[in-house]
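As a basis for the values below, the full set of heavy atoms in this structure was taken, side chains included, without hydrogen atoms, waters or symmetry mates. Please read all numbers here as calculations on a predicted model, not as lab measurements. Reminder, nothing fancy here: chain letters follow the sequence lines and each chain counts from 1.
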Protein chains: 2
Amino acid sequence: MEYLNDMALFVEVAKARSFRRAAETLGMPNSTLSRRISLLEKSIGLRLLHRTTRRIELTEAGQLYYERSKRIVEEARIAHEQLGEMVAQPSGVLRVSLPVDFATTYLAPMLPEFAALYPGMDFDFDLTPRNVDLVAEPFDLAIRMAAPQTSNLIARVIARLTPRLYAAPGYLQQKGEPHHPSELKQHQCLTMQNIGSWILHREAESVETTVGSRFRGNSVAMIRRLAVLEMGISALPERVVMEELASGQLRRILPEWQLAPTSVYAVTETRLLPAKTQRFIEFLRERLREE
Amino acid sequence: MEYLNDMALFVEVAKARSFRRAAETLGMPNSTLSRRISLLEKSIGLRLLHRTTRRIELTEAGQLYYERSKRIVEEARIAHEQLGEMVAQPSGVLRVSLPVDFATTYLAPMLPEFAALYPGMDFDFDLTPRNVDLVAEPFDLAIRMAAPQTSNLIARVIARLTPRLYAAPGYLQQKGEPHHPSELKQHQCLTMQNIGSWILHREAESVETTVGSRFRGNSVAMIRRLAVLEMGISALPERVVMEELASGQLRRILPEWQLAPTSVYAVTETRLLPAKTQRFIEFLRERLREE
DNA sequence: AATGATTATTCCAACAATGGCGCAATCTTT
DNA sequence: AAAGATTGCGCCATTGTTGGAATAATCATT
């Protein structure tokens, strides 16, 4: 069963009618080539080439074998080329698991452009807060807001989002507008679950302050909604609150200060990615770099 | 270009949907199998299998590759099997170089039977006294009366012919019939070229005697003809003079004595013989053993 | 829940394939 | 005719591959 490579070599030799030329086109020493063909002949038990020191010609069996093998090797080559094209020309279904907020806020607006770029691709988005198991479930890609703990997954940073502070004008009117991070302690600070403090940066300066509020949630949309409803101060990337800023529902506070950037990761099971996945990640990274 | 074997391995794995089972049917350790598939994937740059430690399934690319490769590997297998059948079922043209005397005396009578045995075979006999170059000329086989000096040829003994002494009754009447080998010195002994003496055997006894005559030749037929024409005593295998014995043209002399057997060789360029050649040699050896 | 069974992968020593090199046999050109 | 070029093949140190054991990760069963 281990004769297929040698078959390809034989086809090349038969085509060139010379060991030397065949070895040259194959990029291997003719000593190896000669030996491999000899072994092939031994394994099938008869001669394929009639050898003179100067010239080689096909035996009857060799002629027959060549006719068949030629086609087979050619087909194999084409199969591989098509596989190569799959890497180059993305197609098929891209299955992505990603957070709801990322999907609605970041992905949705840029998706039409990407879809137009690759007409051969279909998409299957799984919007879920849970950490899907990439190995068990057939996802090509997951987008996460934190690096995965399991080390056997490959995580690429596709964006760094810098949260800034926003509040509703109504809220500020009621509670007053803070002019230094230290004043945040007296405010309702709408945070994600498990967040106890904010570290605010201004140039080289940084101030940590414990924050909290009556509301916690694992949804950016929820926090934004609460902020609009005058429930407190939110720390969100600019793009998330773009509409609310434009309409005046939210207003940036402490404009010189910002939180440490949080990374967005594209997580895959392996580095050997089909083109569709590669292009999608590239596209995201390119568009999100601007943030 | 060296991916064909791995392709076959992948087909087996995809078929079995398991490394372990595939390794078993392939008769190789699954460690090797796993590594080879990994290398294949790396070489084409994308994953073919979606792995769980417990189960494997095909990726999109793997599915596509499997569909194509399956057929290719199957065709390759068939090509090899057909080649194997060529070894088993003789067909094609058998090209033999052989001495004229051997052809007419020994081969011709048994050829119809052999030809009937293998209807798929055609024959091309080159009757020549010269030592044809098996390497340069496209002969499958040469039959020689002496072992070849060149060591890179394969010589098989197919017969041992025991020459005995025959003479024409007319010759014996003229010159008298010898009753001991020592008397042969006074006779015309028709020998092949380059033969200066005969060693005659009777049971454990052996006698060497220098022989010679006015005639020498490299043709058995010539010597037989000369013997019939009362020109001397000939040393020939029995089968050669069978007709002359039956018709009384020749008569055996010194019937208890015989010369050392001379071997007949089937000489080939290689041991890797197609069925046609193998069968022909077998057939000859079987029929000539009786001598 | 936890243990045992099954499966893919990784590690490392033994092994085999590789590829320069030289040789012998040809063919070609001066 | 003769020397040079070309070609296939055998030899042997080096490199790369192999395969058994250990490992990690899952599934099934108690």
Assess, by modelled atom type and distance only, whether the side chains of B:Thr59 and B:Arg47 contain a donor and an acceptor separated by less than 3.5 Å.
no
State whether a side-chain donor-acceptor pair under 3.5 Å links A:Glu67 with A:Gln63.
yes
Interatomic distance, [X] [atom1] vs [N] [atom2] [rounded to whole Å]:
X	N	atom1	atom2	answer
B:Ile37	D:dT18	CD1	P	12 Å
A:Lys42	D:dC9	NZ	P	12 Å
A:Phe19	C:dG19	CZ	C1'	16 Å
B:Met28	C:dT9	CE	P	15 Å
A:Asp6	C:dA17	CG	C1'	11 Å
A:Ile56	C:dT26	CD1	P	16 Å
B:Arg20	D:dG19	CZ	C1'	17 Å
B:Leu33	C:dA8	CG	C1'	10 Å

Scan B:Arg36 against the nucleic acid and name what it touches under 4.0 Å (heavy atoms): base, sugar-phosphate only, or nothing.
sugar-phosphate
Under 4.0 Å, heavy atoms only, any strand: does A:Ser38 hit a base, just the sugar-phosphate, or nothing?
nothing
Which of these nucleotides, C:dC27, D:dC9, C:dT9, is closest to any side-chain atom of A:Arg51?
D:dC9
Quick note, B:Ser31 side chain, CB onward, closest among C:dA8, D:dG10, D:dA21 is D:dA21
If you take atom types as modelled and just measure distance, does the side chain of A:Ser34 reach the base of D:dG8 with a donor-acceptor pair under 3.5 Å?
no
Is there a donor on the side chain of A:Arg35 or the base of D:dG8 sitting less than 3.5 Å from an acceptor on the other?
no
Who pairs with A:Ile44 by side chain to side chain contact (heavy atoms under 4.5 Å, CB included), at least two apart in sequence or on another chain?
A:Leu48, B:His80, B:Leu83
Partner residues of B:Thr277 under the side chain to side chain contact (heavy atoms under 4.5 Å, CB included) criterion, sequence neighbours left out:
B:Leu94, B:Asp140, B:Leu141, B:Thr268, B:Leu273, B:Pro274, B:Ile281
Which label fits A:Phe123 and A:Phe280: parallel for a plane angle under 30°, tilted from 30 to 60°, or perpendicular past 60°?
tilted
Any side-chain N or O of A:Arg55 under 4.0 Å from OP1/OP2 of C:dA25?
no
Below the 4.0 Å mark, does C:dA17 have OP1 or OP2 next to a side-chain nitrogen or oxygen of A:Thr32?
no
